[in-house]
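Below: the structure, in structure tokens.
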Number of protein chains: 2
Amino acid sequence: MPNDSSNPSRGRVRRRATLADVAKAVGVSTMTASRAIGRPELVSEELRGQIEIAIRELGYVPNRAARALASARSHVIAVLIPSLSNAVFTDVLAGVQDAVDAEGYQVLIGNTRYSFAEEEKLVNIHLQSNPDGVLLTGLTQSERVRQMLSAAGIPTVSMMDLSDDPDRYSVGMSQFDAGHTITRHLLVKGYRRIGFIAAQLDERTLKRADGYRHALQQAGLYDSRREVLVSDPSTIALGAELVGRLMARAPDCDAVFCCNDDLAYGAIFQCQRRGIAIPQQLAICGFNDLPASAWMNPSVTTISTPRYRVGFEAATLLKQLICGEQPEQRRIDLGFTLMAREST
Amino acid sequence: MPNDSSNPSRGRVRRRATLADVAKAVGVSTMTASRAIGRPELVSEELRGQIEIAIRELGYVPNRAARALASARSHVIAVLIPSLSNAVFTDVLAGVQDAVDAEGYQVLIGNTRYSFAEEEKLVNIHLQSNPDGVLLTGLTQSERVRQMLSAAGIPTVSMMDLSDDPDRYSVGMSQFDAGHTITRHLLVKGYRRIGFIAAQLDERTLKRADGYRHALQQAGLYDSRREVLVSDPSTIALGAELVGRLMARAPDCDAVFCCNDDLAYGAIFQCQRRGIAIPQQLAICGFNDLPASAWMNPSVTTISTPRYRVGFEAATLLKQLICGEQPEQRRIDLGFTLMAREST
DNA sequence: CTGAAAGCGCTTACAG
DNA sequence: CTGAAAGCGCTTACAG
């Protein structure tokens, strides 16, 4: 007799209370106890009250695994982001959580580290949890990931970018347009020899690069010598290094578009150390509008991206899909805002 | 006949393959198929090979819920951190992931937002997943949280601070000592009217404050007018504001210890805007050594904290506890490092 | 090295 | 509004 189930509240080897314990305590079937939790409106007020009391007294905590197994609905949403150290994606995550929290969904976070192979592993692992839906970052995934996801028949929404594929759902903004816009801003300000430094070289960065190139080509000012692209992870230290490389390659640059704010901060710090006046000798702009951008000296011109809202709206859309609703749009463009500041 | 289970690979309504499907395809019992996955050394090489092939062909993905239910082990580790937007805790998380990834544990992340009430909710929710272990941030939890955790009988490790309680496991560093050390550094440098600004006022911040006070009292230089403490979340903007408030209250301050780097950055940016020379007119130091600290102009004196290692070692310790091993120490002190830079 | 039986803790139809 | 039965997809002893 391993546990004293006749008296769970005082048994020695007190195993965790189950629904059956709750039901027995009240003198109802487990069905009724189950309903009192899941669909309380179907249970008489009296019983519901007693069941609630029993739950509290026994310290009953539902077993998610059992529920998932029986109901074939996990109430799990998997979110795949490329980085946790980049504030952009923790903001996205915050939006996802806020959209989904109240509904009792559990968010499974996967950090792909910008690697398709990692993403593949994570999808496979997360599929073991039978997620009701998956949130992906970006539009590009490996073929196997697409296969696994479609084989699983799970609704999926892509974040941060916009897809033209009528079979896909996406919430984000045009990375190309944003890159184009900030480059145009530099041109309008009168800069003519505009460089570009970029790291990581993920899909979104490359689209910003395209926007940059297109704007300069339109103006007849594109010069590939002014580009420094490396695939290393983006950091302040790397920004400092890359602006140095750029100035070595093309010392006549009068402005630099950094593919994100971290790089821009590094570039600014480096210029300050070298006595290069910003923006007088060199204008510098970033991308994302992280909190420091408004406060740096000089304050940093950048593109403000709606990442919290991306997470929120993507999760909202996913919830609709999970519930079988037909969403109004498959593609939600949340736009971006140019923040013109002192650094340009 | 809803699904063509006799031919799962070509059935119309193709439901997800189960272990039974794999077993049937090979002509073995589900037991053997199960073993081929979980303890392959117990299965003959031949069968193992066939089973592996069947798994691949059927696209079999194990059902975590079923496994958890049957085995009473979830392979889930819950991690509670107070913030996702603070790089300190994403670093901790990275350490946890790296320590635990290979073992097939799934990490459930809970963001308490520095709220005991939220923490309570999260513990309750995560307990539904039957975690094998829980990682907590800090030493202070609500009474209910402690109750729930001990009732569940789940091993727990506290991160970021050190506990004297012989019943608890903790991995971190002495927040008091670190606060004391950096204040001593200011004293040794010759500063005499040292202010303190702090936000959030969580447990760790308050211990740093105690370290600051103690150092100044020892030197006979403590003056409560020089403290500005607010419970708002810590941001660069708040640092800018608080240094302003401090200078209004105690204009003769010659140094400021900011309870973290974000606040220090804001203070520095603010001083720069007001034409206050750092460190000549006012020395400023922070806490944590975030990446920008080494690059700012002036570079920022701060305390480097071993947060990645905290996550890694805490998770490693937790794994031991989960496996029933007796760890060598209940309390792992990872220390900290003073980074003396230009701002002081 | 392999398998038949039982059961983990829920929920889903289906009755009444 | 309530309940008896069956089953979700695995794994745990226990045999052999």
Side-chain angles (χ1 to χ4, degrees), chain A residues 2-3 5 8 15-51 54-55 58-76 104 106 127-130 132 152, chain B residues 2-3 5 8 15-51 54-55 58-76 104 106 127-130 132 152:
Chain A
N3 52 36
S5 61
R15 68 168 167 70
R16 185 166 159 173
T18 67
L19 237 206
D21 296 328
V22 173
K24 201 195 297 173
V26 180
V28 296
S29 70
T30 59
M31 259 306 352
T32 302
S34 171
R35 269 193 290 255
I37 294 170
R39 310 193 57 188
E41 71 278 12
L42 297 182
V43 177
S44 71
E45 204 167 323
E46 196 194 333
L47 249 33
R48 208 193 309 155
Q50 291 179 250
I51 291 169
I55 286 176
L58 296 173
Y60 170 69
V61 177
N63 184 323
R64 243 194 144 89
R67 179 179 289 176
L69 190 56
S71 70
R73 275 207 54 184
S74 62
H75 285 274
V76 162
Q106 190 163 78
L127 247 24
Q128 299 183 355
S129 299
N130 259 312
D132 293 342
Chain B
N3 54 36
S5 61
R15 67 166 169 71
R16 182 166 160 173
T18 67
L19 238 207
D21 296 327
V22 173
K24 202 196 294 172
V26 180
V28 297
S29 70
T30 59
M31 257 309 349
T32 302
S34 171
R35 268 193 290 255
I37 295 171
R39 311 192 57 187
E41 71 278 11
L42 298 181
V43 177
S44 69
E45 203 167 326
E46 194 195 335
L47 249 32
R48 208 192 311 155
Q50 291 178 251
I51 291 168
I55 286 175
L58 295 173
Y60 170 68
V61 177
N63 183 324
R64 238 192 147 90
R67 178 179 289 178
L69 190 56
S71 70
R73 277 207 51 185
S74 62
H75 284 273
V76 162
Q106 191 162 79
L127 247 25
Q128 297 182 172
S129 301
N130 259 310
D132 293 343

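Values in this document were obtained by computation on a predicted structure and should not be read as measured data. We name chains A, B, ... by the order of the sequence lines, and we start the count at 1 in each one.
To the nearest 0.5 Å, atoms CZ (B:Arg48) and CD1 (B:Ile37) are separated by 13.0 Å. The NZ atom of A:Lys24 sits 12.5 Å away from the CG atom of A:Leu19 when rounded to the nearest 0.5 Å. Atom CG of A:Leu69 sits about 13.0 Å away from atom CZ of B:Arg67, to the nearest 0.5 Å. For the atom pair CD of A:Glu46 and CD of A:Gln50, the computed distance is 5.0 Å after rounding to the nearest 0.5 Å.
For the pair A:Arg64/B:Val76, no side-chain contact is recorded, criterion being any heavy-atom separation below 4.5 Å from C-beta on. Contact annotation: the side chain of A:Thr32 never approaches that of A:Val26 to less than 4.5 Å [non-hydrogen atoms, C-beta and beyond]. B:Val43 places none of its side-chain heavy atoms less than 4.5 Å from the side chain of B:Val28.
In this structure, the side chain of B:Ser74 engages the main chain of B:Asn130 through a donor-acceptor pair within 3.5 Å.
Heavy-atom nearest nucleotides on DNA chain C were determined for B:Gly27 and for B:Ala70, and the one closer to the 5' end corresponds to B:Gly27. In terms of position along DNA chain D, the nucleotide closest to A:Val43 lies nearer the 5' end than the nucleotide closest to the other residue of the pair B:Ala65 and A:Val43.
Among B:Asp21, B:Val22, B:Ile51, the single residue meeting the side chain to side chain contact (heavy atoms under 4.5 Å, CB included) criterion with B:Tyr60 is B:Val22.
Extent of DNA chain D lying under 4.0 Å from chain A heavy atoms, first and last nucleotide in 5' to 3' order, is D:dC1 to D:dG9.
Across residues 29-40 of chain B, B:Ser29, B:Met31, B:Thr32, B:Arg35 each have a non-hydrogen atom less than 4.0 Å from an atom of DNA chain C (numbered order).
Secondary-structure annotation of DNA chain D gives the stems C:1-3 with D:14-16, C:5-12 with D:5-12, C:14-16 with D:1-3, with a stem taken as at least 3 successive Watson-Crick or G-U pairs whose two distances both fall under 3.5 Å.
Closest heavy-atom contact between B:Pro62 and B:Arg16: O-NH2, 3.3 Å.
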